[in-house]
Amino acid sequence: MAGRKRKLQTETLSSRLKAKVALLGQKEPPVAPVGGNAAPGEAAGDPHLRLGQDFFNQPCITLAKAFLGKVLVRRCVDGTELRGRIVETEAYLGGEDKASHSAGGKRTERNTAMFMKPGTIYVYPIYGIYLCMNVSSEGEGAAVLLRSLEPLQGQPVMRQLRAARRKEGSPQLKDKQLCNGPSKLCQALDIPRRFDRRDLASDPEVWLETDPDAGPAGPRDVVSAPRVGIESHGEWAKKPWRFYLRGHPCVSVVNKEAEKQSGNEMKDTGRQNVQSTETTPCCGNIV
DNA sequence: GTAGGGATGGTCT
DNA sequence: GACCATCCCTACA
């Protein structure tokens, strides 16, 4: 019964995905002009804002924290730019980190990007139907998973992209629901599998910028919590290597226990992750 | 608003 | 053949 229901959903889903492909090639709702068109051989985006190779070349945990507050930009085929501020990341160190795809130095066709130069995008499929986006850092096999964004620009397009995988007639997604999860942000920004192994420092379709409007996030604004979805990895699942902006409504999973301890020195937080609901907004434009 | 169940197919052993 | 860094829907409080 449930299988039949799912099949029906999948069928409508595939036709909606086709609509999504068409959508990306067509005229999209107007968005504020930002950045500029890159000349051939020149990195896209505003050179004053775009983060280069130096930024990515830092230790995994440091980079995971440094990502918070930075802006991920996706330029579509028609020049439309989608922007989202990074509010949640996870560090996967590789090597001895048993929860990492590159644990034990294991290198496969899938995770090759994790061993490439810092700033290389690692996109992989999960649970058959979703994608997750990582960025490699300094260190052999180390990478940072991007978990959540705060939508800043192009929300109507993001909403359409996300709706392509949802049941028809579902209530419209609020802004804060567009990118509050690793696979959701890939859908909302149309990050496809082909972006795997691309260089975030030089790619013309996707890059990272500093946010000139954002103040620096101090240590007390950042919560360190255990990573999500890796319970089977024992002790490694408890490492507080998930980082998010305290009180931000776009965080996918809030951990109240970790929030109490962050700032005091986090120890063992146990399993206190809860699905994000309504938290105190720290920015005014999230509906 | 929250909790629980179930789907999905690529990747790895 | 089993696992999985997720998501969505439904039922219930």
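What you are looking at is a predicted structure, and each value in this text was computed from that prediction instead of being measured. First the proteins, then the strands, lettered A, B, ... as listed; each starts at 1.
Between Arg147(A) and dT6(C) there is a side-chain N or O to OP1 or OP2 distance below 4.0 Å. Between Arg110(A) and dC12(B) there is a side-chain N or O to OP1 or OP2 distance below 4.0 Å. Distances shorter than 4.0 Å separate some side-chain N or O of Arg162(A) from OP1 or OP2 on dC8(C). Contact between the side-chain N/O atoms of Arg193(A) and the OP1/OP2 oxygens of dT11(B) is found at a separation under 4.0 Å. Residue Thr108(A) places no side-chain N or O under 4.0 Å from the OP1 or OP2 atom of dT11(B).
One can place CZ of Arg242(A) at 10 Å from P of dT6(C), the figure rounded to the nearest angstrom. Atom-to-atom, CD1 of Ile191(A) to C1' of dA5(C) comes out at 17 Å; the value is rounded to the nearest Å. Here the P atom of nucleotide dT11(B) and the CZ atom of Arg107(A) are 16 Å apart, to the nearest Å. The interatomic distance linking Met114(A) (CE) with dC12(B) (P) rounds to 12 Å, in whole Å. Remark: P of dA5(C) and OH of Tyr122(A) are 9 Å apart, rounded to the nearest angstrom. With rounding to whole Å, Leu131(A) atom CG is found 13 Å from dT6(C) atom P. We find that CG of Asn111(A) is positioned 14 Å from C1' of dG10(B), with the value rounded to whole Å. Taking atom OH of Tyr124(A) as the reference point, atom C1' of dT8(B) lies 15 Å away to the nearest angstrom.
The aromatic ring of Tyr127(A) does not sit over the base of dG9(B), since the test of centres under 5.5 Å and planes under 30° is not met.
Base contact: Leu145(A) has a heavy atom under 4.0 Å from a base atom.
Atom CG of residue Leu146(A) and atom CD1 of residue Ile86(A) lie 5.0 Å apart, to the nearest 0.5 angstrom. Here the straight-line distance linking atom OG1 of Thr112(A) with atom CZ of Arg107(A) works out to 5.5 Å at 0.5 Å rounding.
Taking the ring centroids of Tyr122(A) and Phe115(A), they lie at or beyond the 6.0 Å cut-off.
Taking every side-chain heavy atom of Ser183(A) into account, dT6(C) is the closest of dC4(C), dC8(C), dT6(C). Minimum atom distance to the side chain of Ile129(A) is reached by dT8(B), of the listed dG10(B), dC7(C), dT8(B).
Of the two residues contacting DNA chain C, namely Leu173(A) and Ser232(A), the nearest-nucleotide position lying further toward the 5' end is that of Ser232(A).
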Worksheet entry | Candidate pair Asn180(A) and Lys176(A), rule side-chain hydrogen bond (donor to acceptor under 3.5 Å, both in side chains), full reasoning | CA-CA 7 Å; Asn180(A) 63 338; Lys176(A) 68 177 182 182; over 6 Å; no
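With a 4.5 Å cut-off on side-chain heavy atoms, Asn57(A) and Glu138(A) count as touching.
Under the Watson-Crick or G-U wobble criterion, with both distances below 3.5 Å, dC3(C) is paired with dG10(B).
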